[in-house]
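Read the structure below first, then the notes.
Just so it is clear, the model here is predicted, and its values are computed rather than measured. Just so you know, ligand 1 is whichever comes first in the structure, and atom 1 is the first atom listed for that ligand.
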Amino acid sequence: MSSRYPLRVRAVEWVNGRVRWINTNLLPYEEVYEESVDYERIARAIEAMEIRGAPAIGVAAALAIAAIVFNSTTDSIDQLQSVVLKAIDRLRMTRPTAYNLFWALDRIRRVALEQKHLDLEDYRRAIIDEALRIYREDIEMNIRIGEIGDRIIDDGDTILTHCNAGALATAAFGTALAIIRVAWYRGKRIKVIATETRPMLQGARLTVWELIKEGIPVKLITDNMVGYVMYRKLVDKVIVGADRILRDGHVINKIGTYTIAITAKRHGVPFYVAAPTSTFDLNSAIEDIVIEERSPEEVKRILGKILITVENVEVLNPSFDITPPDLVSGIVTERGFIEPPLDIGIRRIVEEFRSA
Ligand code: MRU
């Protein structure tokens with residue numbers, strides 16, 4: 001796919017009927033690409049966070065279904081549909097919080113259910129095309145987010161970001177990092193502060209790796225340094241991604257986001273969220289949201305290796321938190337910039353478009 005910006009990092013790709021992804025668990029030490037046509041293998045890659053980040057897991061799940069259909073040898077539509085629906089159910093179980101996964105799989109399910117009147121070849125084509133649209137749209141949406149978000153960046157800004165909302169969390173280009181990329185390509189002299197993002201270290205391992213590859217100046221801090229760097233006035237803006245945004249503007253994102261938003265408010269630092277409209281869940285209330293609780297081992301050991309505590313200590317490991325709308329200065333989507341009050345902007349930019 002051609003683009004007006006370089007796409008240096010492709011986290012998930014479609015390569016001749018196969019799904020290809022960069023194993024983010026091995027970064028920054030090794031750049032290893034995996035390939036598969038097996039949806040169970042791809043489901044396990046999402047669970048193990050080889051593929052991670054809300055848009056990337058939605059794209060990977062859609063392409064996993066496309067790979068089933070592309071490589072299927074059955075001559076029965078019934079049989080093909082039943083395998084597709086079974087795979088969708090399996091992929092939905094991989095991670096509970098990021099909305100893009102459900103959004104992408106619902107799109108594919110709709111085609112699989114509604115296009116069954118077609119002959120087998122056209123039915124296969126319809127499902128594969130929908131998955132490839134989800135994949136291509138993701139990259140296009142991210143580039144638009146970067147261009148629309150450029151208005152919030154001033155020359156000379158230092159931007160703090162949390163976790164990895166970059167190319168490695170999407171098919172390519174990123175969301176929060178799309179804004180940073182476009183500002184950089186347009187010649188703004190910006191700098192980034194990346195939080196390490198315990199326990200899985202997406203900031204230290206992935207964001208730093210991506211930004212250094214682009215040549216964008218980045219400094220790494222531990223998560224507990226955010227208050228002090230803001231107190232020292234070292235941060236002009238915060239930009240983070242999102243795993244799910246509710247219709248009233250609550251933002252669900254990587255654990256630690258809420259603490260950063262509170263700290264930003266205390267220091268008068270604008271706190272922005274960048275997300276495609278595929279991240280917006282217009283139907284759920286806060287009580288419905290499942291915050292993924294991951295293995296205690298992630299907290300007890302550094303990257304599954306060195307034990308940093310007492311072996312049998314009890315651990316809490318929520319993977320995401322919830323930031324209320326009053327802490328959010330604006331949300332950048334591919335359809336426009338949403339200003340506070342967020343609920344009104346979400347209705348105008350996301351809801352009207354979705355029901356159109
Ligand atoms: O657990 P992860 O690494 O999948 O969490 C990722 C995040 O929280 C990102 O900030 C979010 O998915 C937005 S990515 C564009």
Subject >> N-O pairing of E130 and R133 below 4.0 Å >> reply: yes
Subject >> Residues D89 and R109 bridged, charged N to O under 4.0 Å >> reply: yes
Original post:
Taking 4.0 angstrom as the limit, do K254 and E196 come out as a salt bridge?
Top reply: no
Starting from the N and O atoms of ligand 1, collect every protein N/O partner closer than 3.5 Å and put each pair on its own line with the distance to 0.1 Å.
from     : atom 1 : to   : atom 2 : distance (Å)
ligand 1 : 1 (O)  : R95  : NH1    : 3.4
ligand 1 : 1 (O)  : R95  : NH2    : 2.9
ligand 1 : 1 (O)  : K254 : NZ     : 2.7
ligand 1 : 3 (O)  : R52  : NE     : 2.9
ligand 1 : 3 (O)  : R52  : NH2    : 3.1
ligand 1 : 3 (O)  : Q202 : NE2    : 2.8
ligand 1 : 4 (O)  : G53  : N      : 2.9
ligand 1 : 4 (O)  : R95  : NH1    : 2.7
ligand 1 : 8 (O)  : D243 : OD1    : 2.7
ligand 1 : 8 (O)  : N253 : OD1    : 3.2
ligand 1 : 8 (O)  : K254 : N      : 3.3
ligand 1 : 10 (O) : N253 : OD1    : 2.7
ligand 1 : 12 (O) : A54  : N      : 2.8
ligand 1 : 12 (O) : D243 : OD1    : 3.3
ligand 1 : 12 (O) : D243 : OD2    : 2.9

Original post:
Aromatic rings F173 and Y185: how do their planes relate, parallel, tilted or perpendicular, breaks at 30° and 60°?
Top reply: tilted
**OP:** Mark yes or no for whether H162, through its side chain, and I255, through its backbone, hold a donor-acceptor pair below 3.5 Å.
**Re:** yes
Subject >> Carboxylate-amine/guanidinium contact R181 E210, below 4.0 Å >> reply: yes
